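Structure, as structure tokens:
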Amino acid sequence: MSDKKKQSNTYKDSLNLPQTDFPMRANLVEREPQRLENWENQDLYRQIVDQRKAENAPTFILHDGPPFANGDVHMGTALNKVLKDLVIKSRSMAGYYTPFIPGWDCHGLPIEFKVVEKTRGLEPAEIRRRSEEYARRFIDIQRHSFRRLGVFGDWQNPYLTLDPSYEADVIRTFASLVEKDLVYCSKKPVLWSFGAQTALAEAEVEYEDRTDPAIFVKFPISSGDLAGQSSLVIWTTTPWTLPANLGIALQSRFEYLRATFTHAESGRSEDLIIARPLLESFIAKTGFRPSGKEQAVSAADLEGHTADHPLLDRTSKIILADFVTDEAGTGAVHVAPGHGSDDYVAGLQNDLGLLSPVDDLGKFTDEVGIEQLVGLHVFKANPIVIELLEEKGALIAREDYLHSYPHCWRSKTPIIFRSVEQFFVRIDSIREKALEEIDKVEWLPHWGRNRIRGTVESRPDWCISRQRTWGVPLPVFFPAGKPDEPIVDAGLARKVADLTEDQGTNLWFEKDDAWWAEQLDLPAGTTRCHDTLDVWIDSGSSHVAVLDKRPELHTPADLYLEATDQHRGWFQSSLMLSVAHRGIAPYKTVMTHGFVVDKDRKKISKSDAKKKGKPMDAAHFYNQYGADILRLWVSSVDWQNEVPFDENLFKQTADTYRRIRNTLRILLGNLHDFDADTQSVENKDLTLIDRWILERLHVVTRECIEAYGKYEFRKVFNTLNQFCAVDLSSLYIDITKDRMYCEATDSAKRRATQTAMARVFESLTRLMAPILVYTADEAWEFLGREKSIHLQKFPAADPAFASGDKAATPVVEELLKLRTCIQQEIEDARQKKLIGSNLEARVSLDIPENATLETILDDQATAEEFLIVSDLTIKRNRDTLVATISKTDNGKCARCWRHEKTVGKIESHSDLCERCADVV
RNA sequence: GGGUCUGUAGCUCAGCUGGUUAGAGCACCGCCUUGAUAAGGCGGGGGUCACAGGUUCGAGUCCUGUCAGACCCA
């Protein structure tokens with residue numbers, strides 16, 4: 001035993017074993033940041049784009065959709081940014097000039113809310129100052145994560161929607177809309193705090209219990225068959241909104257019952273219509289019970305007819321609406337378009353008009369039409385309204401109703417829905433053009449076209465004003481004393497833009513009306529609007545503020561790439577603003593990806609993930625596994641659909657990574673004594689197996705480049721993975737081990753294989769570079785290259801190895817069939833403990849005639865090498881392939897471990913085979 | 001409830017215009033190796049292609065419905 005060991009050690013020194021310092025263990029978590037620092041020190045991104053620019057390369061612009069500057073980078077954000085980077089890097093290596101300007105969406109309620117939540121009662125200018133600070137903090141956090149993920153771009157000069165110049169361009173885009181007569185002003189209900197005298201956002205609402213009078217009110221039908229005979233009954237907890245009633249909504253799915261209802265105690269009798277699903281609760285609450293004739297009535301029969309308003313000399317239109325439910329009420333819903341969002345939409349759809357006779361303080365105006373109510377606060381008006389209804393005989397019943405009701409978070413007063421002037425973009429004027437443009441755009445996947453068409457076809461006019469502080473101001477003015485006659489003027493807006501170009505729109509909030517009037521040559525007393533623009537105008541103007549502005553970019557962009565929710569979001573807002581502004585879509589291709597979901601394909605909610613201790617932050621994963629693993633994971637998934645995610649999937653990806661890495665490592669190890677420039681052999685001197693692996697490389701190269709071109713990163717992943725695992729690891733490297741280790745260092749066979757390996761290594765690292773950004777660069781460096789791999793281009797598929805008549809592939813495929821057959825038999829023998837390693841087997845192969853294999857099998861050495869056996873006998877006398885295994889009698893060569901006939905027959909080296917004796 | 005989609009081995013994915021016993025990698029099990037060794041090789045088990053109908057000589061692949069999931073809307 002000790003003898004044997006000593007002996008083998010002796011010969012081990014005579015072998016050419018692989019040598020490399022390329023570490024087996026990647027230790028990405030520590031090494032990646034070092035490499036990143038190095039890249040940033042040499043400004044690798046700049047080098048890449050400069051180099052392509054110098055080459056006069058064609059331009060490819062992927063325009064970054066700005067993530068919201070709030071929160072950490074979670075897996076969904078990471079998926080998006082890495083996909084973008086895969087596109088950019090693969091296009092760059094395909095020879096394109098690919099400048100990438102990342103951006104952030106900075107304005108908006110979520111940030112303002114965080115700021116105001118902490119400290120209430122701040123001045124607008126202070127809210128904006130703190131909001132900006134908040135946004136910038138998260139921009140830094142997110143930027144760090146994106147860089148760490150190996151995403152290349154102009155991180156020093158990203159675009160921020162809070163930049164003064166960006167804001168100015170938003171205002172100019174607005175001016176462009178005004179110029180084309182697309183902006184108008186109209187009333188729309190908003191959540192209104194009469195305590196704070198301001199509109200509120202959903203997020204500023206707190207729910208508290210409150211008791212209100214809930215009343216059942218009858219509306220006598222005044223047209224159609226039932227005119228003058230029966231009445232609809234509505235139920236409401238806001239009696240004060242009845243003066244603004246303009247409609248009654250029914251549910252088309254409900255069956256309605258018309259009957260004479262009699263009150264059990266008073267004996268009062270009424271002919272009423274109630275939805276059947278709500279009949280029981282109606283009886284219980286009002287005491288009215290059907291007594292006598294009953295008749296089924298359908299909602300459709302009543303639709304379009306009218307009912308008399310119980311308090312005013314006017315009618316209320318009967319309509320159908322989906323928001324009518326059987327949860328409460330009567331199945332007939334009081335609709336006041338000026339006092340509710342459902343009501344508003346229903347009002348628009350059914351042409352009901354709009355009334356909102358309430359002022360800032362929550363008091364009725366003259367418009368209410370009922371003398372007793374004018375000047376009265378709406379909540380104080382409730383009992384009066386009820387009294388009036390009672391007088392008119394319209395009140396069926398009343399109760400005190402305890403419910404959860406929205407309150408203002410600041411003033412703690414209850415909230416009302418009240419209509420105020422809002423600004424809108426007239427979508428009908430640009431809808432057709434937008435639809436035309438949609439069809440000129442390439443949508444990936446193709447069904448994206450249907451999705452955006454659906455949203456564009458159905459979207460109502462775009463309400464672009466917000467009663468908020470943290471945003472781009474709506475550049476509109478009001479003449480002195482005329483708050484209802486806004487001055488919407490493109491020229492004025494442009495002047496505002498010019499004034500804020502350098503100093504930012506804080507000016508709008510810091511200077512007073514007089515200052516602005518003076519600057520813009522407006523009459524004294526002119527006031528400015530305190531609204532801001534919808535943030536979708538901000539991000540939707542990026543083609544103006546970024547694509548048109550930056551010299552290295554252009555409009556339309558070649559590609560927009562976001563998650564599917566952006567069909568209604570950014571893709572649409574950008575399309576609408578671009579069509580309005582310049583008449584064409586801002587993009588040539590739009591690609592969407594799915595959302596990250598858990599392994600059961602259910603959506604992941606943030607609170608859930610926290611509860612279950614399932615981290616979703618990208619940082620958790622790149623800090624534990626490395627950015628390359630995360631990127632490899634991105635490349636492996638089907639981004640068109642939901643992307644399942646689970647920490648176990650990560651471990652699986654890490655396993656794939658290890659295989660790829662080890663393949664690179666063994667190739668480097670085998671190339672340690674090889675200089676490709678001086679020691680490469682000519683193609684004609686390559687052996688069969690070398691030609692085969694280069695033919696495989698030819699296919700792999702072609703497939704990968706093609707797949708990158710079609711953004712099919714998954715295919716690249718699968719192709720590279722299988723090439724590494726099967727073609728290289730399990731076949732080529734295994735088969736060539738003997739010649740690599742045992743043949744003379746400078747032997748032709750060995751140099752031939754090194755020639756092939758060098759080409760494989762070089763192509764492989766380039767092909768994987770867009771995905772494994774750190775690892776490919778590291779491997780490239782170990783090959784002795786000075787410049788980063790990311791400055792390289794994809795390898796060209798070598799036409800010398802395209803399959804042709806003399807191709808090695810068909811021969812190798814036949815040999816692989818023999819191999820499979822032999823391995824099965826060997827395995828059988830191994831399980832029976834007849835033999836251990838392959839090299840101990842004596843293989844007797846009976847094969848049918850096979851023209852492809854004729855010549856190759858005559859070459860005993862090549863056949864044995866390919867099949868990795870030492871003692872092979874081939875007989876050609878069978879119809880089917882049969883392999884027979886026994887243990888060989890040949891002695892084992894102490895150096896190459898093959899069992900060869902020649903072992904023991906060489907005098908000078910009795911323990912070696914002929915080949916090894918020669919080498920030694 | 002409506003619109004747009006998705007559903008193939010434990011997991012990630014292939015399966016082109018319908019045509020032989022549905023493929024690969026990983027994971028799993030067993031064996032070998034210890035000269036890629038916190039590696040490598042070989043073999044094996046595992047799928048009623050979500051479910052139910054239909055068209056067809058023939059369907060994972062076309063049609064209809066059901067179920068489940070995602071996004072958007074209500």
Side-chain angles (χ1 to χ4, degrees), chain A residues 8-9 11-20 22 24-25 251-253 321-323 325 342 345 445-455 457-459 563-569 572 592-603 632-633 635-638 640-646 648-649 651-659 661-670 712 714-715 717-726 729-731 733-735 737-738 740-742 819-820 822-833 835-840 868 895-897:
Chain A
S8 69
N9 274 341
Y11 289 117
K12 186 170 177 177
D13 295 339
S14 76
L15 298 172
N16 289 302
L17 294 180
Q19 285 176 33
T20 177
F22 187 75
M24 174 178 289
R25 298 195 62 202
Q251 171 56 264
S252 58
R253 293 197 310 273
D322 260 346
F323 59 76
T325 69
D342 281 346
V345 174
H446 63 93
W447 47 258
R449 172 187 172 273
N450 291 346
R451 281 200 63 153
I452 192 153
R453 277 196 81 92
T455 65
E457 276 165 359
S458 65
R459 108 166 327 279
T564 53
D565 58 339
Q566 299 304 328
H567 280 121
R568 177 160 281 266
Q572 196 200 200
T592 54
H593 60 83
F595 273 60
V596 174
V597 293
D598 71 17
K599 66 176 181 3
D600 301 321
R601 306 222 172 218
K602 300 242 174 76
K603 77 169 169 200
L632 191 60
W633 169 75
S635 78
S636 75
V637 300
D638 177 10
Q640 297 195 22
N641 293 111
E642 306 95 73
V643 179
F645 178 78
D646 179 53
N648 282 326
L649 297 184
K651 292 182 179 145
Q652 190 179 316
T653 310
D655 286 335
T656 306
Y657 173 83
R658 272 212 298 278
R659 167 75 70 138
R661 187 177 179 89
N662 270 315
T663 305
L664 292 175
R665 182 167 177 268
I666 185 69
L667 288 174
L668 276 174
N670 277 333
E712 290 173 355
R714 207 172 56 227
K715 183 163 186 195
F717 170 85
N718 281 322
T719 303
L720 290 179
N721 182 22
Q722 293 203 32
F723 184 59
C724 286
V726 181
S729 190
S730 139
L731 295 175
I733 292 167
D734 208 33
I735 289 169
K737 256 182 200 170
D738 180 75
M740 286 305 303
Y741 300 174
C742 305
R819 183 184 132 105
T820 302
I822 292 170
Q823 289 294 2
Q824 280 167 348
E825 293 305 319
I826 287 182
E827 190 54 35
D828 190 49
R830 186 157 35 226
Q831 300 281 344
K832 288 175 182 155
K833 302 292 178 193
I835 58 164
S837 89
N838 265 27
L839 294 171
E840 287 171 33
I868 319 180
R895 183 167 176 272
C896 70
W897 296 349

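Worth knowing before you read on, the calculation uses all heavy atoms, side chains too, and leaves out hydrogens, waters and symmetry mates. Keep in mind it's a predicted model, so treat the numbers as computed, not measured. Throughout, protein chains are lettered first and strands after them, A, B, ... in sequence-line order, and every chain is numbered starting at 1.
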Restricting both atoms to N or O, compile the protein contacts to nucleotides 72-74 of chain B shorter than 3.5 Å, with distance only.
| residue | atom | partner | partner atom | Å |
| --- | --- | --- | --- | --- |
| B:C72 | O4' | A:Arg451 | NH2 | 3.2 |
| B:C72 | O2' | A:Arg568 | NE | 3.1 |

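- The residue among A:Trp447 and A:Val597 whose nearest nucleotide of RNA chain B is located toward the 5' end is A:Trp447.
- Both A:Leu649 and A:Arg25 lie near RNA chain B, and the one whose nearest nucleotide falls closer to the 5' end is A:Leu649.
- Of the side-chain N and O atoms in A:Asn450, one or more sit less than 4.0 angstrom from OP1 or OP2 of B:C5.
- Taking the side chain as every heavy atom from C-beta outward, A:Asn838 and A:Gln823 approach each other to under 4.5 Å.
- How far CD of A:Gln652 is from CG of A:Leu649: 6.0 Å, rounded to the nearest 0.5 Å.
- Within 4.0 Å (heavy atoms only), A:Pro445 reaches no atom of the nucleic acid at all.
- Here the nucleotide nearest the side chain of A:Tyr741, chosen from B:A39, B:C5, B:G35, is B:G35.
- An OP1 or OP2 oxygen of B:C32 is reached within less than 4.0 angstrom by a side-chain nitrogen or oxygen of A:Lys833.
- A:Lys715 has its side chain within reach of A:Thr719: a pair of non-hydrogen atoms, C-beta onward, lies under 4.5 Å apart.
- Nucleotides B:G69 and B:U33 place their C1' atoms 46 Å apart, quoted to the nearest Å.
- Salt bridge absent: A:Asp655 and A:Lys651 never bring a charged side-chain N and a carboxylate O closer than 4.0 Å.
- The shortest side-chain heavy-atom distance between A:Thr20 and A:Arg665 falls under the 4.5 Å cut-off.
- Set against B:G69, B:G43, B:G25, the side chain of A:Gln824 has B:G43 as its closest nucleotide.
- For the pair A:Leu731 CG and B:G25 P, the interatomic distance rounds to 11 Å; values are reported in whole Å.
- Of the C1' atoms belonging to B:A50 and B:U6, the separation is 11 Å, rounded to the nearest Å.
- As a whole-Å value, the separation of A:Asp828 CG from B:G30 P is 18 Å.
- With B:C32, B:A36, B:G69 as the choices, the nucleotide that has an atom nearest any side-chain atom of A:Glu642 turns out to be B:G69.
- Looking at heavy-atom distances under 4.0 Å, A:Lys737 makes contact with a base.
- Contact check for A:His567 versus A:Thr592: side-chain heavy atoms found under the 4.5 Å cut-off.
- Regarding contacts with the backbone of B:G41, a side-chain N or O of A:Arg659 is found under 4.0 angstrom from either OP1 or OP2.
- On the C1' atoms, B:U20 is 25 Å away from B:G54, given to the nearest whole Å.
- Among the heavy atoms of the strands lying under 4.0 Å from A:Gln652 is at least one base atom, whether or not backbone atoms are also near.
- Using a 4.0 Å heavy-atom criterion, one finds that A:Thr656 contacts no nucleic acid atom at all.
- With hydrogens and angles ignored, a donor-acceptor pair closer than 3.5 Å exists between the side chain of A:Glu827 and the base of B:G30.
- Here the side chains of A:Phe723 and A:Thr663 are not in contact, with every heavy-atom distance at 4.5 Å or above.
- One interatomic measurement links the two molecules: CZ of A:Arg819 to C1' of B:G43, which rounds to 12 Å at whole-angstrom precision.
- Nucleotides B:U17 and B:G60 are separated by 15 Å at their P atoms, to the nearest Å.
- Heavy atoms of A:Arg895 sit under 4.0 angstrom from at least one base atom.
- Comparing the C1' positions of B:G15 and B:A74 gives a spacing of 39 Å, expressed to the nearest Å.
- Distances from the side chain of A:Glu840 to the nucleotides B:U33, B:C31, B:U4 place B:U33 closest.
- Applying the 4.0 Å criterion to OP1 and OP2 of B:A70, one finds that A:Lys603 has every side-chain N and O outside that range.
- One interatomic measurement links the two molecules: CG of A:Asp638 to P of B:C71, which rounds to 16 Å at whole-angstrom precision.
- The side chain of A:Arg449 contributes no N or O atom lying less than 4.0 Å from OP1 or OP2 of B:C5.
- On the C1' atoms, B:A59 is 14 Å away from B:U48, given to the nearest whole Å.
- If you take atom C1' in B:U12 and the same atom in B:U55, they sit 34 Å apart, rounded to whole Å.
- Nucleotides B:U21 and B:G40 are separated by 36 Å at their P atoms, to the nearest Å.
- Among residues two or more places apart in sequence or in another chain, the ring pair (Phe, Tyr, Trp, His ring centres under 6.0 Å) test is passed with A:Phe645 by A:Phe621, A:Trp633, A:Phe650.
- In this structure, A:Gly594 reaches neither bases nor backbone, as no heavy-atom distance under 4.0 Å exists between it and the strands shown.
- Under the 3.5 Å distance criterion, with hydrogens and angles disregarded, a donor-acceptor pair is assigned to the side chains of A:Gln831 and A:Glu827.
- Consecutive Watson-Crick or G-U pairing (both distances under 3.5 Å) extending over three or more pairs maps onto RNA chain B as B:1-7 with B:67-73, B:10-13 with B:23-26, B:28-32 with B:40-44, B:50-54 with B:62-66.
- One finds the CD1 atom of A:Ile868 at 8.0 Å from the CG atom of A:Leu731 (value rounded to the nearest 0.5 Å).
- An OP1 or OP2 oxygen of B:G41 is reached within less than 4.0 angstrom by a side-chain nitrogen or oxygen of A:Ser729.
- Within the 4.5 Å cutoff, side-chain heavy atoms of A:Asn662 are placed close to those of A:Met24.
- Atom-to-atom, CG of A:Asp738 to P of B:G35 comes out at 15 Å; the value is rounded to the nearest Å.
- Contact annotation: the side chain of A:Leu667 approaches that of A:Ile733 to within less than 4.5 Å [non-hydrogen atoms, C-beta and beyond].
- Straight-line distance from the CG atom of A:Leu667 to the P atom of B:G40: 13 Å, rounded to whole Å.
- As rounded to whole Å, 8 Å separates atom P of B:U33 from atom CZ of A:Arg830.
- Base contact: A:Leu15 has a heavy atom under 4.0 Å from a base atom.
- Judged by a 6.0 Å distance limit and a 45° cone about the ring axis, A:Arg661 is positioned over the six-membered ring of A:Phe22.
- If you check every strand for non-hydrogen atoms under 4.0 Å, A:Asp600 touches nothing.
- Look at NZ on A:Lys602: it is 6 Å from P on B:G69, rounded to the nearest Å.
- Listed nucleotides: B:A36, B:G25, B:U12. Nearest to the side chain of A:Ile733: B:A36.
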